Structures are given as C-alpha cells and as structure tokens.
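Read through the structure below, which is laid out as structure tokens, and then see the notes.
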Amino acid sequence: MPSSVHVVEDDEELRRLILRGLAEEGFDVSGSAGAAAALRHQAARPADALVIDIGLGDADGRDLCQALRAGGVQSPVLFLTALDAAPDRISGFRAGGDDYVTKPFAFSELVARLQALLRRGDIPSATAVAGVGLRLDPAELMVHSGHAGIALTQTEYRILGALAGRPGETLRRAEIAGAAWPDGAIVSENTIDAYIARLRRKLRALPDAPEIVTARGVGYVLR
C-alpha cells in the first residue's frame, strides 16, 4: 500500500503541482489550503506524512504542527519555508517538525526527504498516540476541551502546544522558552512562570482539562 501524504499549502497552483508530482512518484496524496482544513482532514483520514507550508493564510504552519502534536499525531512533518535563517529552521524543529525544504526547491529533493522520513523506523505512521484531551486551534489561537474553548495569546498557545505535544514529560524552562519565543531571545524564569500561571487559570475554566504541574527545579509537565 502506498504511503499517504497530506500537503498543506495555500498557494493553489503550487499545491496542485506538488500533489501531481507526488502522485506520479507513487504516493497516495491529498491536500488542504489551510490549517483548519488540514486538522479536519487529519482527524478523518490520517496521513503517514505531512508537508506543511509555514506561511499559511489562516495560521503559522508551525502552530498547525503544534496542534497536530498536541492531538497525538506522530506522523512526520516536512516544512516548506521561504525562511532560510537558522532561527527560523530551529523554530520549526521546536514546534515538532522533522525536516524542511526551502523555497524555491527542487522537487526531487522534496521527494527524497519525504522518503527518508517515511523510512525511519522510529517514527510511527498515521496512528496517533494518546493525547491530553485538548484541541488546539492554530487559526483562532484557541484551546478546546469538550465543548468549551478559550482564547490564548500566541505565546500562551505556543507554550501550551509544547507541553501538550509531550504529555507527561517534563519540559525544562529553556525548552519552553525555545518553543514560544524567537531563537536567542532572553526570557527570564519569572516571565515563563507568569505565563504558566495565566495558562493554569485559563485551563481551570475548561471542563476536564489537564493540569500544568511544576517539576521543582526543572520545569513543567502537562498531566
């Protein structure tokens, strides 16, 4: 059975070209124009790998990746980006991405990188792992639990996304800062603690939401 690949690209012409080329290479392909549609598709028909443009019209592709990881999706993510600076690449990896291709790109490189990701034995395919019961919305910057939802700032969203993408695992403050602020930003522990306190208040307003627990002297964990 061919590996399935979902392409999230808001440029319709480029999306069609990528889908046609991947189909010719033997992949089972599908596509979305934005983050909201991609989340719906992944919930209904999980793909073995995703190709996500960082500059989507309705959201940052890195925020979409965080939403997928928070939902338990472990399929590899290959970012398409026009940003080639090291801080931009690092932020993509910290959001849960596995590789990237810089625009403009050679299609053969895209195929080779996808094939390499799919060959890795340590990356599960379309099946999702148990999540934490939260749904992150990268287009609206909201978090949902059950039928309730609450708005987040972008920094709050990215901190929660980092925690929710690794449920039950303690994240050091440096890891949280790396996920929520630009690479190289100087973020004090007090600033991180203040954002965690705000997130705790917001999560308490949601039914059956998990709790952010302090790992003394280390960081925080979502349980």
Side-chain angles (χ1 to χ4, degrees), residues 39 42 50 52 59-77 79 86-100 117 120-125 127-138 141-146 148-223:
L39 286 172
Q42 189 66 12
L50 296 101
I52 300 176
D60 189 306
R62 292 164 290 198
D63 294 341
L64 168 59
C65 185
Q66 280 196 319
L68 291 166
R69 297 301 186 224
V73 175
Q74 297 298 293
S75 303
V77 169
F79 282 125
D88 298 305
R89 298 197 302 272
I90 291 168
S91 68
F93 291 125
R94 286 174 172 167
D98 299 284
D99 202 353
Y100 74 97
L117 288 174
R120 291 183 186 174
D122 59 340
I123 298 178
S125 60
T127 56
V129 300
V132 290
L134 295 177
R135 300 187 311 281
L136 295 182
D137 181 342
L141 291 181
M142 293 188 68
V143 57
H144 298 269
S145 178
I150 196 163
L152 304 172
T153 67
Q154 188 163 67
T155 300
E156 291 170 346
Y157 175 97
R158 290 179 175 175
I159 292 173
L160 184 58
L163 291 165
R166 293 160 65 181
E169 183 178 342
T170 299
L171 268 67
R172 295 177 293 108
R173 285 180 174 84
E175 292 178 287
I176 292 171
W181 281 271
D183 184 57
I186 299 174
V187 185
S188 71
E189 290 190 1
N190 288 341
T191 297
I192 294 172
D193 294 344
Y195 272 97
I196 292 292
R198 287 162 52 178
L199 277 171
R200 282 172 167 159
R201 288 194 295 271
K202 291 187 175 185
L203 289 177
R204 282 197 290 268
L206 295 176
D208 302 318
E211 179 183 3
I212 301 175
V213 178
T214 302
R216 293 193 178 278
V218 183
Y220 296 97
V221 57
L222 190 67
R223 292 185 180 139

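Predicted model, so just to flag it, every value in this text is computed and none were measured.
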### Message
Could you measure the distance from the CD1 atom of I192 to the CH2 atom of W181? Nearest 0.5 Å is fine.
### Response
5.5 Å
### Closest contact, heavy atoms only, C65 versus G97
SG-N, 3.7 Å
### Task
For A162 and L171, work out which heavy atoms get closest and say how close.
O-CD2, 3.6 Å
### Message
The test is side-chain contact (heavy atoms from CB on, under 4.5 Å); show your working for V187 and T155 and say whether it passes.
### Response
CA-CA 12 Å; V187 185; T155 300; over 6 Å; no
### Query
Is a donor on one side and an acceptor on the other found under 3.5 Å between the side chain of S145 and the backbone of P207?
yes
## Note on the structure
Residues pairing under side-chain hydrogen bond (donor to acceptor under 3.5 Å, both in side chains) where one sits in residues 198-207, two or more places apart or in two chains, turn out to be E156-R198, E156-K202, R200-T214
### Task
Evaluate side-chain contact (heavy atoms from CB on, under 4.5 Å) for V218 paired with R172, printing each intermediate quantity in order.
CA-CA 5 Å; V218 183; R172 295 177 293 108; 4.0 Å; yes
### Query
Atom CG in L160, atom CG in L222: separation rounded to 0.5 Å?
6.5 Å
### Query
Going by heavy atoms in the side chains, are F79 and F93 under 4.5 Å from each other?
no
### Task
Applying salt bridge (charged side-chain N to carboxylate O under 4.0 Å, His left out), name anything that partners R94, two or more places apart in sequence or on another chain.
D183
### Task
Nearest 0.5 Å please: distance from the CG atom of N190 over to the CZ atom of R173.
9.0 Å
### Task
May I ask you to test the E211-L203 pair for a side-chain heavy-atom distance under 4.5 Å?
no
### Query
Where do L39 and L68 land on the side-chain contact (heavy atoms from CB on, under 4.5 Å) test, with the steps shown first?
CA-CA 7 Å; L39 286 172; L68 291 166; 3.7 Å; yes
### Summary
Contacts of R223 meeting salt bridge (charged side-chain N to carboxylate O under 4.0 Å, His left out) (sequence neighbours excluded), chain-then-number -> none
### Query
Counting N and O atoms only, with roles assigned by atom type, does the side chain of R69 sit under 3.5 Å from a partner on the main chain of V73, one being a donor and the other an acceptor?
yes
### Nearest non-hydrogen partners of G161 and L136, listed with the distance
CA-CD1, 3.6 Å
### Summary
To the nearest 0.5 Å, atom OG of S75 lies from atom CG of D98 at 9.5 Å
### Message
Measuring from atom CD of E175 to atom OG1 of T170, what distance do you get when rounded to the nearest 0.5 angstrom?
### Response
9.5 Å
### Task
State plainly whether the residues R158 and D60 are in salt-bridge range, i.e. N to O under 4.0 Å.
yes
### Query
Can you find a pair of side-chain heavy atoms, one from D99 and one from P76, that are under 4.5 Å apart?
no
### Query
Any side-chain heavy atom of R62 within less than 4.5 Å of one from S91?
yes
### Message
Distance check, rounded to the nearest 0.5 Å: I159 atom CD1 versus L152 atom CG?
### Response
10.0 Å
### Message
Donor-acceptor check, side chain of Y157 to backbone of D63, threshold 3.5 angstrom: yes or no?
### Response
yes
